[in-house]
Amino acid sequence: MLDRNYLRHHAAEVRDVLKVRGFDFDLDRYAALESSRKALQEETETLQAERNAKSRAIGVAKARGEDIAPRIAEVGDLGRRLDDARARFDALRGEFDGFLEGIPNLPDGSVPPGDSEDENVEIRSWGDRTVFDFQPQDHVDIAGRALDFAAAARISGARFSIMSGDLARLHRALAAFMLDMHTREHGYEELYVPYIVNADALKGTGQLPKFEVEQFGIRGDENYYLIPTAEVPVTNVIRDTILPADALPLRYVSHTPCFRREAGTYGKDTRGIIRLHQFDKVELVQVVEPENSWDALEELTSHAEAVLKRLELPYRAVVLCGGDLGFAAAKTIDLEVWLPGQGRFREISSCSNYLDFQARRMMARYRAGDGTAFVHTLNGSGLAVGRSLIAVLENHQQGDGTVRVPEALQPYMSGTTRLRFEKP
RNA sequence: GGAGGGGUGGCUGAGUGGACGAAAGCACUGGUCUUGAAAACCAGCGAGGUUAACGCCUCCCAGGGUUCGAAUCCCUGCCCCUCCGCCA
């Protein structure tokens, strides 16, 4: 949610900045809503003030033992007029709130223009694209019988998977490794959180009301949803709170499954486990003082990068262009890992600074000097576990059909250095 | 699932339908005193909206209702606690 007060004085500027992300801010509608708001608020509050004054006078008169009947008569239809004004004001406010909730965050000045991911800008890269002296396979062929889509389809449907044996174990090892690294080396506190959240939580982080179709709702209960990312429960930990200044920064890491409808992606990434309705992710969340959030974005991104390096996976970092930027983010740096099976870089982490956009929706504040101020929130994948699994399989495959277990993962695999998966 | 008891500021906790955004204590901030600190004393101290400002408005879990007037009375929901039952 944008700052209403800022919007009031910089509406035209906001419209121009939002063009960077291809959002059309309706200045006329905004002006109309704002002027109605002002008129209705004034009318309502004037009537309230009048009612308060008269009621108070009745109280005083009664205490003195005077006859209050004439005073009550004087109130007349004030109550009805007030109810009427308030009803109109409430209706307008609902409309206004809906309008404001639908406005995405302002992109930072450093966000490059562009309409699609093709216009994202690479800012750095690490490692060389893996080369093979044999014909590399993709993760589906490497994993062989350890990946069962047919059974998953029978149980659940398309875009689900079942992993077995060493593959399931490798998946678990990746998550455990990431959690340990972030808690022991990067100063994050591990959180175990609910996988089902209410609508307010999703509203707080910005998935609702605009992206309802991408969420899995719980049947029979409009208010409950499966989490699309740990960002939702973890960031909402601070909803409706005023944190003491010395509590910041908060650094949380959480491993959860993520559930996404993947609406609008039919026919895309249908092979393998690149895009599923359910996948695991280790998520990093930071809550910081406003002046530190840009440094925090760099830091958080470097924490995610550290995982890729330790797993010996070549990657590049790109800044998302305006058109590719998520609704709530002011700036996002994606980490893309090299996938030999696809011959291209694919997103494996998305690190964003939301500034006070989420904090404003969540009413998450801290004590700053005399008063309170909204915190800044950030998050990033550290990393997506399923895609990390793909990357390990494809980058560390050997000519003899085995997969080398990177040294960092070996302690989590009882020292195993090579994996061999049964072929169908 | 059954029975009962509760939700009031950062915390504890008073609050009779009328001067209550709300006693008191703790915590916190400033001051006096002190070589310094502690103690004591004095003062300040919830959040949000709106306004150029004075001010006005809203908020005592949430939503309805009664009333000239609701923290207070009524209804519904949510959450917490205790006991019983069930359960991993």
request  = Please determine, for B:A53, whether a Watson-Crick or G-U wobble partner exists with both distances under 3.5 Å, and give it or none.
outcome  = none

key: Whether A:T229 side chain and A:E231 backbone form a donor-acceptor pair below 3.5 Å   = yes

task = Using atom CG of A:L47 as one end and atom C1' of B:G69 as the other, report the distance to the nearest whole Å.
result = 16 Å

inquiry  = Quick check with a 6.0 Å cut-off and a 45 degree axis cone: is A:R4 positioned over the face of A:Y6's six-membered ring?
reply    = no

Atom-pair distance (CZ on A:R93; P on B:U58), nearest Å = 11 Å

Modelled atom types, side-chain donor and acceptor of A:T377 and A:Q358, under 3.5 Å = yes

task = Please determine, for B:C11, whether a Watson-Crick or G-U wobble partner exists with both distances under 3.5 Å, and give it or none.
result = B:G25

inquiry  = What's A:K62 touching, base or sugar-phosphate or nothing? Going by heavy atoms closer than 4.0 Å.
reply    = base

task = Report the distance from atom CZ of A:R56 to atom C1' of B:C68, rounded to the nearest whole Å.
result = 13 Å

key: Watson-Crick/G-U partner (both atom distances under 3.5 Å) of B:G1   = B:C84

query = Rounding to the closest angstrom, what is the interatomic distance between B:A43 and B:C80 at atom P?
reply = 42 Å

ask   = When the C1' atoms of B:U29 and B:U67 are considered, how many whole Å apart are they?
value = 42 Å

task = Using the C1' atom as the reference point in each nucleotide, state the distance between B:U72 and B:C20 in Å, no decimals.
result = 11 Å

request  = Could you measure between the two P atoms, the one in B:G69 and the one in B:G21, and give it in whole Å?
outcome  = 16 Å

task = Look through every strand shown and name the nucleotide pairing with B:A40 as Watson-Crick or G-U wobble, where both distances are under 3.5 Å.
result = B:U32

Euclidean distance for P, B:C11 against B:G48 (whole angstrom) = 15 Å

ask   = Between atom CG in A:D240 and atom P in B:G48, what is the gap in whole Å?
value = 12 Å

ask   = When you compare B:C78 with B:G85, how far apart are their P atoms, in angstrom units rounded to a whole number?
value = 25 Å

ask   = A:R71 near the nucleic acid: base, sugar-phosphate alone, or nothing, with a heavy-atom cut-off under 4.0 Å?
value = nothing

inquiry  = So A:R8, base contact, sugar-phosphate only, or nothing? Heavy-atom distance under 4.0 Å.
reply    = sugar-phosphate

request  = Take atom CD1 of A:I242 and atom C1' of B:C28, then tell me their distance rounded to the nearest Å.
outcome  = 14 Å

message = Under 4.0 Å from OP1 or OP2 of B:U58: is there any side-chain N or O of A:R51 that close?
response = yes

key: Integer angstrom distance from the P of B:U34 to that of B:U58   = 49 Å

note = Result for salt bridge (charged side-chain N to carboxylate O under 4.0 Å, His left out) between A:R251 and one of A:E189, A:E283, A:E299, A:E185 points to A:E299

Interatomic distance at P, B:G9 relative to B:A22, whole Å = 14 Å

request  = Determine the contact category for A:R365: base if any of its heavy atoms lies under 4.0 Å from a base atom, sugar-phosphate if only primed atoms, P, OP1 or OP2 are that close, otherwise nothing.
outcome  = sugar-phosphate

ask   = How many Å lie between CG on A:N198 and P on B:C79, as a whole number?
value = 10 Å

ask   = On RNA chain B, nearest-nucleotide positions of A:A57 versus A:A373: which is more 5'?
value = A:A57

query = Would one find a side-chain N or O of A:T372 under 4.0 angstrom from OP1 or OP2 of B:G48?
reply = yes

message = Could you tell me if A:D324 and A:N120 have a donor-acceptor pair between their side chains, going purely by distance under 3.5 Å?
response = yes

task = Tell me the partner of B:G46, counting only Watson-Crick (N1-N3 plus N6-O4 or O6-N4) or G-U wobble (N1-O2 and O6-N3) with both under 3.5 Å; none if nothing fits.
result = B:C59

query = Quick one: on RNA chain B, does A:S55 or A:N52 contact a more 5' nucleotide (nearest heavy atom)?
reply = A:S55

query = Of all the choices, B:C56, B:G48, B:A19, which nucleotide is nearest to the side chain of A:V60 once you look at every atom?
reply = B:A19

message = For the aromatic rings, using the six-membered ring if either is Trp, is the centroid distance between A:Y188 and A:H303 under 6.0 Å?
response = yes

key: Base B:G49 to side chain A:E45, donor-acceptor N/O within 3.5 Å cut-off   = yes

note = A:R367 has its side chain closest, among B:U58, B:U51, B:G10, to B:G10

Length of the CD-P vector between A:E50 and B:C68, whole Å = 16 Å

message = Determine whether a donor-acceptor pair (N or O, by modelled atom type, separation under 3.5 Å) exists between the side chain of A:S349 and the backbone of A:L335.
response = no

task = Rounded to the nearest angstrom, tell me the gap between atom CE in A:M363 and atom P in B:G10.
result = 12 Å

inquiry  = What contact category does A:R37 fall into here, base, sugar-phosphate, or nothing, at under 4.0 angstrom with non-hydrogen atoms?
reply    = sugar-phosphate

